[in-house]
Amino acid sequence: CRGSAMLCLHLHLHFFSSSAKDMKHRLGFLLQKSDSCDYSSSQGKKEKISSSQRLSQEEVRKWADSLENLIHHDRGLAAFRAFLKSEYSEENIEFWVSCEEYKKTKSPAKLSPKARKIYDEFISVQATKEVNLDSCTREKTSHNMLEPTLSCFDEAQRKIFTLMEKDSYRRFLKSPYYLDLVSPPGAGCGPENCKRNHTHTLDCNSNIISQCA
């Protein structure tokens, strides 16, 4: 009886050991397969992201239709902002963007502090990034600060938009910041392009990178 008990114990331990090894092997296989799937999924997501970040020629050409099309496109806004920065006039687009964000304010309690911040930064006499407004619009906007509403900067924003539309936007369309994006890849160097000193390209984070030609 004792010998039978020892034999049963030995068989039980052998069976348990074999089962443990088999389970370990299967678990390793499943983990490896899972890692492979995760990697494939990750690669797929990267490819989708890369694809979504490509800037088509059709999109870029639409920027030339209107300033509205340009600055309502994330990549277009980034390119235009970089161009204005090169001309030391980026305060205009920064003011326009600040007004757009201000109009999305949902809490009435936040209107006054947000309005005051925009006013102090772009419109007041001591503004750090003062925009070019006529005295009438400036005075009206100052009056609006007494009781700020979502539309208190509308007139000033329209004036700056018109100013950019008639001036800097037209120069932007003739600049390398736009021409280098609208030119098809591998296009030949035209007479107007050969005189450029730098090439400006837009990266996937919507930033402008300047590279020596």
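These values consider heavy atoms only, across backbone and side chains, with no hydrogens, waters or symmetry-generated copies. The structure presented is a predicted model; accordingly, all values stated were derived computationally and were not measured.
- Residues satisfying the ring-ring contact (aromatic ring centres under 6.0 Å, His included) test with Tyr119, not counting sequence neighbours, are none.
- Looking at Val97 and Leu77, their side chains come closer than 4.5 Å, going by heavy atoms from C-beta outward.
- Distance check: Ile93 CD1 to Ser168 OG gives 8.0 Å after rounding to the nearest 0.5 Å.
- The shortest heavy-atom contact between Thr141 and Ala156 is OG1-CB, 3.8 Å.
- Taking the side chain to side chain contact (heavy atoms under 4.5 Å, CB included) definition, one finds that Thr162 meets it with Lys166, sequence neighbours left out.
- With sequence neighbours left out, Phe172 forms a ring-ring contact (aromatic ring centres under 6.0 Å, His included) with Phe80, Phe83, Tyr178.
- Partners of Glu68 by salt bridge (charged side-chain N to carboxylate O under 4.0 Å, His left out), not counting sequence neighbours: none found.
- A heavy-atom distance below 4.5 Å is found between the side chains of Asp154 and Lys103.
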May I have the list of side-chain donor-acceptor pairs in residues 110-118 shorter than 3.5 Å, sequence neighbours left out?
| unit_1 | atom_1 | unit_2 | atom_2 | d |
| --- | --- | --- | --- | --- |
| Lys114 | NZ | Thr105 | OG1 | 3.4 |

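- Legend: residues meeting side chain to side chain contact (heavy atoms under 4.5 Å, CB included) with Glu58, ordered by chain and number and at least two apart, are Ser56, Lys62.
- A distance of 5.0 Å separates CD1 in Ile71 from CE in Met164, rounded to the nearest 0.5 Å.
- The heavy-atom pair separating Phe153 from Cys99 by the smallest distance is CB-SG, 3.7 Å.
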Practice task
Would you please test Lys104 and Leu150 for side chain to side chain contact (heavy atoms under 4.5 Å, CB included) and show each step?
Solution key: CA-CA 8 Å; Lys104 297 176 184 177; Leu150 289 176; over 6 Å; no
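- Residues Phe122 and Ile160 have side chains not in contact (no heavy-atom distance under 4.5 Å, counting atoms from C-beta outward).
- Closest approach of Ala64 and Leu173 over heavy atoms only: CA-CD2, 3.9 Å.
- Every pair passing side-chain hydrogen bond (donor to acceptor under 3.5 Å, both in side chains) that includes a residue from residues 80-93 is listed here, sequence neighbours excluded: Glu87-Arg171.
- Here salt bridge (charged side-chain N to carboxylate O under 4.0 Å, His left out) pairs that include residues 127-139, with residues two or more places apart or in two chains, are Glu94-Lys129, Glu121-Lys129, Glu130-Arg138, Asp134-Lys159.
- At a threshold of 4.5 Å between non-hydrogen side-chain atoms, the residues Tyr102 and Gln157 do not count as touching.
- Under the 3.5 Å distance criterion, the side-chain polar atoms of Gln57 are matched with a main-chain donor or acceptor of Leu181.
- For Glu155, the side chain to side chain donor-acceptor pair (under 3.5 Å) criterion is met by Lys140, not counting sequence neighbours.
- Taking Tyr169 as the reference, nothing meets the ring-ring contact (aromatic ring centres under 6.0 Å, His included) condition, with sequence neighbours excluded.
- Note: Leu67 CG to Arg170 CZ = 11.0 Å, rounded to the nearest 0.5 Å.
- Two residues are said to be in side-chain contact when any heavy atoms from C-beta on lie closer than 4.5 Å; Asn144 and Thr149 fail this criterion.
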